[in-house]
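Order of listing sets the numbers, starting from 1, for every ligand and every atom in it. The figures that follow rest on heavy atoms only: side chains count, while hydrogens, waters and symmetry mates do not.
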Amino acid sequence: MIKVIKVKNYDEVSDKAFEIMHDLVVSKPNAVLGLATGSSPVGLYQRMIKDHQENGTSYKDVITFNLDEYVGLEKSHPESYYLFMHRNLFDGLDVKEENIHIPSSEGDLTANCDSYNQALSQYQIDLQILGIGSNGHIGFNEPGTSFDSVTHIVDLKESTIKDNARFFDDDISKVPTKAITMGISNVMAAKQILLVASGANKANAIQATVMGVVTENVPASILQEHPNVIIIIDEAAGSSLVKEKK
Ligand code: GLP
């Protein structure tokens with residue numbers, strides 16, 4: 001079941017998402033968090049860091065699993081998701097490095113997928129944070145990915161490469177064409193899922209996710225079949241939902 005919370009702007013999306021995250025970590029200090037990259041969760045991450053620094057909310061017993069990583073970028077590349085997560089979240093919190101899991105795209109990729117699935121199988125994610133691609137992807141599960149998928153290697157769609165070029169000097173030739181991502185069934189195994197989206201370029205994907213048919217062509221549409229999903233959107237990302245109701 002999807003509960004949609006519509007707020008005014010990106011700041012309010014981040015405030016609301018932080019409330020949910022904060023309640024969880026306070027009530028369950030050893031929570032297992034599923035984390036996402038992209039610009040959408042950055043406001044949430046900033047609030048987590050501010051609250052940790054000002055109020056001492058601790059993440060020392062939290063375990064984290066990230067959704068995905070580019071293939072072809074070393075960990076030390078500024079746009080690797082490894083560095084993104086350290087820069088935007090982990091460096092500002094007291095999460096223990098050994099409790100951080102991020103799929104590795106270095107070395108044997110098949111072995112990396114297997115070991116990530118193995119690590120995931122030892123836990124249940126309490127709260128999975130998601131952004132959404134403009135084509136409805138979650139993690140890097142592009143349209144057409146099987147709902148039964150587990151961690152795997154993907155070829156990124158043209159639209160995703162274009163969307164993400166803004167992080168690579170707007171040069172699509174610099175954007176990796178492959179990634180390693182948690183599969184859709186890994187995501188669906190979480191107890192609760194929190195998807196955040198803002199901006200008009202997400203409006204169609206949000207509309208298809210919330211009101212469309214459940215189809216592998218819109219990976220996020222599977223969320224309709226999860227028992228506990230909250231989608232927090234701003235007015236622009238929710239604009240197609242409004243149109244539909246009129
Ligand atoms: C990338 C990530 C996704 C993310 C999406 C949207 O493709 N792999 O996990 O949800 O981008 O990014 P943004 O939040 O920057 O719009």
Side-chain angles (χ1 to χ4, degrees), residues 9-11 13-14 16-17 33-47 64-73 77-85 87-89 101-105 113 116 125 127-145 149 151-170 172 174-184 186-188 190 193-206 208-209 218-223 229-234 236-239:
N9 53 34
Y10 180 65
D11 271 347
V13 169
S14 304
K16 192 76 210 156
L33 304 179
L35 299 175
T37 53
S39 40
S40 304
V42 168
L44 160 66
Y45 296 162
Q46 287 168 346
R47 284 157 179 74
T64 71
F65 283 92
N66 260 82
L67 284 166
D68 48 13
E69 177 61 282
Y70 287 116
V71 170
L73 297 187
H77 188 287
E79 294 306 328
S80 78
Y81 285 167
Y82 175 88
L83 268 199
F84 176 99
M85 287 307 299
R87 190 169 61 234
N88 287 292
L89 186 65
H101 303 82
I102 302 177
S104 167
S105 62
C113 291
Y116 209 67
I125 291 175
L127 180 63
Q128 174 67 57
I129 305 299
L130 292 180
I132 187 169
S134 61
N135 64 5
H137 75 225
I138 47 177
F140 266 135
N141 291 285
E142 296 282 30
T145 306
S149 55
T151 308
H152 63 292
I153 304 297
V154 293
D155 289 317
L156 300 179
K157 297 274 189 206
E158 192 68 34
S159 60
T160 300
I161 292 173
K162 277 192 193 139
D163 282 351
N164 289 0
R166 66 189 195 279
F167 300 112
F168 295 86
D169 309 323
D170 281 320
I172 57 168
K174 290 188 184 165
V175 185
T177 56
K178 285 180 185 292
I180 177 170
T181 184
M182 258 166 71
I184 293 182
N186 300 125
V187 170
M188 289 292 282
I193 297 176
L194 173 57
L195 186 151
V196 286
S198 72
N201 67 324
K202 301 293 172 71
N204 289 343
I206 289 295
T209 297
V218 182
S221 64
I222 190 65
L223 299 177
V229 178
I230 298 178
I231 295 186
I232 309 177
I233 46 176
D234 67 1
S239 54

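Near ligand 1, residues Gly38, Ser39, Ser40, Asp68, Tyr81, Gly131, Ile132, His137, Gly139, Phe140, Asn164, Arg166, Lys202 come within 4.0 angstrom through at least one heavy atom.
Taking the side chain to side chain donor-acceptor pair (under 3.5 Å) definition, one finds that Asn88 meets it with nothing, sequence neighbours left out. Checked against side chain to side chain donor-acceptor pair (under 3.5 Å), Tyr45 has no partners two or more places apart in sequence or in another chain.
The aromatic rings of Phe168 and Tyr70 sit perpendicular to each other, their planes meeting at more than 60°, with 30° as the lower class boundary.
Of the inter-residue distances, the one linking Ile180 atom CD1 with Phe140 atom CZ reads 12.0 Å to the nearest 0.5 angstrom.
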Could you list the donor-acceptor pairs under 3.5 angstrom formed between side-chain atoms of residues 195-205 and any protein atom two or more places apart in sequence or on another chain?
unit_1: Lys202; atom_1: NZ; unit_2: Ile132; atom_2: O; d: 3.0

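A salt bridge links Asp11 with Arg47: the closest approach of a Lys/Arg side-chain nitrogen to an acidic carboxylate oxygen falls below 4.0 angstrom.
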